[in-house]
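One structure is given here, and the rest of the page talks about it.
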Amino acid sequence: MNTLTVTTRGQVTFRKEVLQHLGVHPGEKIELHLLPGGRAERRAAQPKGAFSALRGLLQSKTNGTRLGIEEINTAIAEAGSAAGAGDA
């Protein structure tokens, strides 16, 4: 169990091993869900991208040719993996 100390300003610092366990990197956010009984659940915030960001995702992979569904799925999986999506 990790114990955090609250400063006089109401702040806490998460130790490096906790952040690594959560998969949180500098500049990223942590979600804190308040639960009954004075409990809370913390987890790494999952970035939410806009659907419009998918536009042109496959453009560099096609070289002007049409892709089959398996090729599209592979390209999407590679892009998601590179972006950190799917880390649960």
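One is the number of the first residue; the rest follow in order along the sequence.
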- prompt: How long is the gap from CG on N73 to CD on E78, to the nearest 0.5 Å?
  reply: 11.0 Å
field: Least distance between heavy atoms, A40 atom then L34 atom
entry: CB-CD2, 4.2 Å
task: Measure the spacing between CZ of R42 and CD1 of I30 and express it to the nearest 0.5 Å.
output: 8.0 Å
- line: To the nearest 0.5 Å, atom CG of L22 lies from atom CD of E17 at 11.0 Å
query: From I69 CD1 over to I76 CD1, what is the distance, rounded to the nearest 0.5 angstrom?
result: 7.0 Å
- prompt: Given L32 and E41, is the side-chain contact (heavy atoms from CB on, under 4.5 Å) satisfied, shown in steps?
  reply: CA-CA 6 Å; L32 187 65; E41 176 182 83; over 6 Å; no
Could you list the donor-acceptor pairs under 3.5 angstrom formed between side-chain atoms of residues 2-14 and any protein atom two or more places apart in sequence or on another chain?
residue	atom	partner	partner atom	Å
T7	OG1	R9	N	3.2
T7	OG1	Q11	N	3.1
T7	OG1	Q11	O	3.4

